[in-house]
Participant: 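Below you'll find the structure I mean.
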Amino acid sequence: MRELTYNEAAVEAVAEEMRRDPRIFYMSTDPIPPLFKEFGPERIRATPIAEAALTGMAIGAAGSGFRPIVDWRQVTFCFVAMDQIVNQASKIHYMFGGQVTFPILYRAAVGGGTQLAAQHSQSPYSMFMNLAGLKMFLPSTPYDIKGLLKTAIRDNNPVISFESNRLMGRRGPVPEEEYAIPLGLADVKREGNDVTVVALAWLVHEALAAAEELAKEGISAEIVDPRTLVPLDAATIRASVQKTGRLVIADEAGPTAGFAAEVAAIATEDQATFARLQAPPKRVCALQVPIPYSPILEKEVFPDRTRIIAGIREVLGGRGSAAA
Amino acid sequence: MRELTYNEAAVEAVAEEMRRDPRIFYMSTDPIPPLFKEFGPERIRATPIAEAALTGMAIGAAGSGFRPIVDWRQVTFCFVAMDQIVNQASKIHYMFGGQVTFPILYRAAVGGGTQLAAQHSQSPYSMFMNLAGLKMFLPSTPYDIKGLLKTAIRDNNPVISFESNRLMGRRGPVPEEEYAIPLGLADVKREGNDVTVVALAWLVHEALAAAEELAKEGISAEIVDPRTLVPLDAATIRASVQKTGRLVIADEAGPTAGFAAEVAAIATEDQATFARLQAPPKRVCALQVPIPYSPILEKEVFPDRTRIIAGIREVLGGRGSAAA
Amino acid sequence: MSLSAQTLSPNLPPEKQLEMLRAMLVIRRFEERASADYLAGKIFGVVHCYIGEEAVAVGVCAALRTSDRIVSTHRGHGHCIAKGADLNRMMAELYGRATGYCKGKGGSMHIADFAIGMLGANGIVAGGISIITGAGLAAQMEKQGGVAVSFFGDGASNAGPFHECLNIAASWKLPVVYVCENNQWAAQTSAAATHALADVAARAAGYGIPGAVVDGNDIFAVHQAANRAVERARSGGGPSLIECKTYRQRAHTERRGQPDPRDPVEVEAWKGKDPIALLARRLEAQGDLGAAGFEALDREVMGAIEAAVAFAEASPFPRPDQAAEDMFAP
Amino acid sequence: MSLSAQTLSPNLPPEKQLEMLRAMLVIRRFEERASADYLAGKIFGVVHCYIGEEAVAVGVCAALRTSDRIVSTHRGHGHCIAKGADLNRMMAELYGRATGYCKGKGGSMHIADFAIGMLGANGIVAGGISIITGAGLAAQMEKQGGVAVSFFGDGASNAGPFHECLNIAASWKLPVVYVCENNQWAAQTSAAATHALADVAARAAGYGIPGAVVDGNDIFAVHQAANRAVERARSGGGPSLIECKTYRQRAHTERRGQPDPRDPVEVEAWKGKDPIALLARRLEAQGDLGAAGFEALDREVMGAIEAAVAFAEASPFPRPDQAAEDMFAP
Ligand SMILES: Cc1ncc(C[n+]2csc(CCOP(=O)(O)OP(=O)(O)O)c2C)c(N)n1
Ligand SMILES: Cc1ncc(C[n+]2csc(CCOP(=O)(O)OP(=O)(O)O)c2C)c(N)n1
Ligand SMILES: [Mg+2]
Ligand SMILES: [Mg+2]
């Protein structure tokens, strides 16, 4: 099958939908050249550096019948627009009694690994998960990002597409034919029986590498990629943990009140899953610190395949083993 | 002992510290009359409605030797300042290698119950917990808020004081004598043996009422009030759960990737606690929706003593009981 | 800001002038009732009254089409009524009923009616400015000559979105009219203490757009300025800023025992320039108030308010389980 | 913006003029080396060069005391050097070493030296403006005649904090000088496309403060405008806005193969108005460059850069466990 990079697949999804629906337009502080070339300055708008305005303008344009896309670029830059996200976009449909729809796509690149330091290496999607009223996803492959973006652009609600900086250039198969991936559906990226690893984005690939490594020792790890953060596919995660009896959660973000904590909670609060859980769930996350610049420090902060392997070994130690 | 309201205790803490240290000054869009009266317009500043500016100005003033307090009033209004919180205040000490300190207190009222609808009834503290670099607390009594505020104002880092709208007028004993409560120390508000209820703010009082109720049936509930959210007192929570073997978490916020998920995770990921846990941890939280206006709807959204009692009964059903 | 000769003789047919008077009176009586019912515990949360500022919403909206779009603030009843909202559904929303504009989910700070181009009251100061600027962009892309109007206060004019949006609207020549309701106070803080200059309109020049200061209690002055700005917007001339000097006759909210630091003399002086009395006197002088006069009009208006209250009282509260509805659109 | 007679004969002693030339040259050579070492993989992340804009930072900082405070942007090397930062610790930071200003935690976008009143580069556009406005408030409360200076770009001037802070500074008469470095581009987007007016300085009038436009490549023009604004601030006159028209001679960042939509003719034209060459020619003309001339100065500067690189190269990387340090101050 044809291969595209993660970034190419995302741009293709946007371009296909924009060809299909003239009500879609795109705003960002710097336009994406191929989109600008094809759709021109009316539909691909280069804006002032005023993300708060853009984010709110999308709400008004959506409420007026358009289907705006706002590309925040680095997720870092959406914090100037947090009022429009938290107090407006996430609440406006509910608060107004559902009288109109607000079809909006917000795009945000997340994650580190490129020594851009604290402000430009963030993975704050859990903050948005905690907020009621927004759908969001964080894909790990070119195939997934294209399929999820197409669904998101057709969704009649505000949706945030979190996109991994580390994966932008990564290639993968993407069919020429039209397809879409529904929100809320996890993907088991590798089947296994001994331990469940729930991983996001770049860490899906690290987890797969870890699984390869451990397979040599006869340890069989199942890798579950939720893909969508809201709504989260609790059923698939619980089913996997009920099968393996062990859970490791790998996330590039810090652990505190985050995605990893949520997965640990949905697994343990479920009676059937709790009953089959043989060991404490293990969070393999970044250190709970801002991301430092120097490569030695940055590497120390982020989880990777080595730490996933260590985490898996720990939970395989099981209930009887030394304290976590 | 003398009784004060939650709000009076908070104002007294600020006033005492301002008398002690002339470097402290206070900014908010409307000044608090007693403070304005005592300290005047130089130190109690009425500002334009520009919380983003105020929040950032506090960083510059703190880095220049002052000890600013910024009162966001409703937490809702701090989202316009989220860039200054997320990208500046939480990272600046670490990112600059610790070269200077930034002693700042941010105050924010949280919670609902007054039919102020979606924008003015928020409990988003978990979003800030997920962010590395800020200390924060959410007290449940006049005694606690005064003691924690005094500690926070003397702390050399940015600290957020989340304060419960529902408790502002609630009275409680506050000694005349000087005292302070260290950050990171939970308080066991009631001892018990059968179940641990970790609750915040208003729900501490609902949990105490639930415990009273259940005591009549011979059910002994231990109520743990973490008080501080960052750093969270995991040791006290784990020790209590190890004793009771059962855990209910009560929070006025929604459950997803929130405080309640974090408490479930720190309890279950700990080997010794996990080993003693007799039932799935239970989150008793708000529905994951924006807060509606109409009292019937609002009441439906928030947890209360009745739901805490139901949650306790559920976990007492234990491992063998019907699925959660 | 005494009445200029020009604003004394507007080229508006008497019926239109009467309509304007009635709209202002509806706002006045609606809020007087809302305040009473709030204090009686039948309306919840918070109520911010627009009383004294009616000429701004009515004078501006009289220059608009139903298809034009507006956005409001936390003080939103006047804008809703001026844009043509249904009093029954408004009152039902305040009463927290299932028949309200937001099915009881919004309340006073969140009444919206997108069908008539009312994109919502908003509890966040300056929260509506970017939303309506996006509606202005939509109008420009629709190419139907549509216009968008942003109502906001003097306090909001000091917030970031004011600047970001005026710059974007000016750069893109968006058909937006920015209407600053300068009632000279933001809650308990005076505009004098938070603005370096008395006139917010002075900021327009920095974006190369027109900025006008008008007597916000003189409905014809407001209406004429609005007509100019709306015409300019419709014809592709881009945005304008209109500053209406007016005054809030009541406290910031209707909550009991609220501090009001304003000088009672100042408050009384402004009550003397009441926009409704002003227009009523004019129509009387012009002989346009009709035989029955003001009292008849007032009785008719009171009847409409009573009907709205009756509708609200007769409407059911939402069912508890409806708290989980309206999260996401299909 | 050709050189006016007045700016040709500033009342500055030759030594001071030479100092200014040297400071600009240090910035130029520091960044040329930083760019090369970045492309060589010795410096990580991103490097934004200030090359071509040196006259702004140096001209403004020459009007300041060490105790005055400034804040910078993502393009911060020039401001650090102009305020007197140590080249060794700067280069060590870029090299990610433990001896760097931020112990290797910050890198190019986060160099700060609070000891000399440099409150930090900042990776967020307009992120520094509110921070320095707070430093201005601190200076006002200290009553020592201190001044705070905010450097920011044309792009940043369209962001909310610009407006909120200018209004507060004007209302409170804070001793802040807002210096807009209008290099006419924000990354790949032109100021012409995002500003309704060519002059950002035109916005000053809306706050009742002075707004000046100066040739940002003419260091004396910048310096004189800065002196006026700093004097005004020190004496309690309040804030000013200075817009320096300048140009970035290189791409937005030093990353290889980056798009640069700018017209090469425009770029070349501005290189022809290089601020360093301009001042060097003047000093030569005035006979103030000294016998050894520009080459000697350049050699000396290159030596300082070499020494900084040597210091960085010889410095240890931080230990991995130090990633957990500096979270909270004691
Ligand atoms: C961002 C934000 N900060 C603070 C508040 C609290 N608040 C509600 S109304 C108000 C005053 C608004 O003043 P103005 O914009 O002049 O409108 P007015 O009430 O005078 O009509 C304030 C401070 C808010 N709603 N939003
Ligand atoms: C809030 C925010 N949005 C977007 C960016 C990405 N970004 C970095 S530099 C830049 C351009 C800044 O232009 P300007 O302010 O003129 O400064 P210059 O680079 O020209 O010196 C942009 C858009 C950012 N850092 N912060
Ligand atoms: Mg006002
Ligand atoms: Mg620029």
Side-chain angles (χ1 to χ4, degrees), chain B residues 22-25 27 41-43 45-68 70 80-84 86-104 132-135 155-159 183-184 230-231, chain D residues 69 71 93 98 100-107 109-115 117 119-142 146 148 150 159-169 171-172 174 318 322-323 325-330:
Chain B
R23 294 168 305 167
I24 301 170
F25 69 100
M27 296 192 284
E42 264 270 316
R43 295 186 67 192
R45 295 183 167 255
T47 74
I49 303 167
E51 290 84 355
L54 304 186
T55 302
M57 286 170 69
I59 299 169
S64 305
F66 285 84
R67 305 183 71 86
V70 174
V80 298
M82 204 63 165
D83 174 65
Q84 287 74 15
V86 172
N87 291 328
Q88 313 295 344
S90 75
K91 297 174 171 48
I92 196 165
H93 182 262
Y94 183 90
M95 170 167 94
F96 289 165
Q99 62 180 275
V100 311
T101 61
F102 298 91
I104 306 170
L134 296 174
K135 300 180 182 182
D155 195 284
N156 286 323
N157 300 279
V159 181
L183 300 183
V230 177
Chain D
R69 301 180 180 106
V71 78
E93 187 59 33
Y101 264 115
C102 309
K103 305 180 186 169
K105 289 193 163 95
M109 282 193 290
H110 303 298
I111 298 179
D113 184 353
F114 281 68
L119 272 52
N122 204 306
I124 307 300
V125 168
I129 301 179
S130 59
I131 294 173
I132 200 66
T133 301
L137 173 58
Q140 185 184 60
M141 295 190 294
E142 285 164 348
S150 182
F162 168 88
H163 169 64
E164 294 189 358
C165 292
L166 263 72
N167 179 60
I168 290 175
S171 304
W172 295 358
L174 299 182
Q322 292 177 310
E325 297 176 359
D326 299 318
M327 269 305 283
F328 293 110

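Just so we're clear, the structure is a prediction, and the values are computed from it rather than from any experiment. Letters A, B, ... are given to chains in the order of the sequence lines, protein chains preceding strands, and every chain is numbered from 1.
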Participant: Relative to chain B, which segment of D:Ala121 carries a heavy atom at a distance below 4.5 Å: side chain, backbone, both, or neither?
Facilitator: backbone

Participant: Between B:Asp155, B:Ile59, B:Ile49, B:Asp83, which residue shows the highest count of heavy-atom pairs closer than 4.5 Å to chain D?
Facilitator: B:Asp83

Participant: Measuring from D:Asn167:CG to B:Thr47:OG1, what's the distance to the nearest 0.5 Å?
Facilitator: 10.5 Å

Participant: Report the option among D:Ala135, D:Ala138, D:Ala329 that has the most heavy-atom pairs separated by less than 4.5 Å from atoms of chain B.
Facilitator: D:Ala329

Participant: Pick one of side chain, backbone, both or neither for B:Ala52, based on which atoms fall under 4.5 Å of a heavy atom in chain D.
Facilitator: both

Participant: Heavy-atom distances under 4.5 Å only: say whether D:Pro330 touches chain B with side chain, backbone, both or neither.
Facilitator: backbone

Participant: Is B:Gln88 close to D:Ser130 at the side-chain level, that is, under 4.5 Å between some pair of heavy atoms?
Facilitator: no

Participant: Applying the side-chain contact (heavy atoms from CB on, under 4.5 Å) criterion to B:Met57, which one of D:Ile131, D:Thr133, D:Ile129 satisfies it?
Facilitator: D:Thr133

Participant: Side chain, backbone, both or neither: which part of B:Ala62 has a non-hydrogen atom closer than 4.5 Å to chain D?
Facilitator: neither

Participant: Against chain B, label D:Glu325 side chain, backbone, both or neither, depending on which of its atoms sit under 4.5 Å from a heavy atom there.
Facilitator: backbone

Participant: With a 4.5 angstrom heavy-atom cut-off, which part of B:Arg43 approaches chain D: side chain, backbone, both or neither?
Facilitator: neither

Participant: Most heavy-atom pairs under 4.5 angstrom with chain D, which of B:Arg45, B:Lys135, B:Arg23?
Facilitator: B:Arg45

Participant: Going from CE on B:Met95 to CG on D:Asn122, what distance comes out if it is rounded to the nearest 0.5 angstrom?
Facilitator: 6.0 Å

Participant: Could you label the plane-to-plane angle of the D:His110 and B:Phe96 rings as parallel, tilted or perpendicular, counting under 30° as parallel and over 60° as perpendicular?
Facilitator: tilted

Participant: Does any backbone or side-chain atom of D:Ile132 lie under 4.5 Å from a heavy atom of chain B? Answer side chain, backbone, both or neither.
Facilitator: neither

Participant: Taking side chain as C-beta onward, heavy atoms only, is D:Met327 less than 4.5 Å from B:Asn157?
Facilitator: no

Participant: With chain D as the partner, which of B:Gly63, B:Gly98, B:Ser64 has the greatest number of non-hydrogen pairs under 4.5 Å?
Facilitator: B:Ser64

Participant: Would you say the side chain of D:Ile168 lies within less than 4.5 Å of the side chain of B:Leu54, judging by non-hydrogen atoms?
Facilitator: yes

Participant: Looking at every heavy atom in both D:Glu164 and B:Ala53, which two are closest together, and how far apart are they?
Facilitator: OE1-N, 3.0 Å

Participant: Quick one: list whatever passes salt bridge (charged side-chain N to carboxylate O under 4.0 Å, His left out) with D:Asp326, sequence neighbours left out.
Facilitator: D:Lys103, D:Lys105

Participant: Is the closest side-chain heavy-atom distance between B:Phe66 and D:Leu137 below 4.5 Å?
Facilitator: no

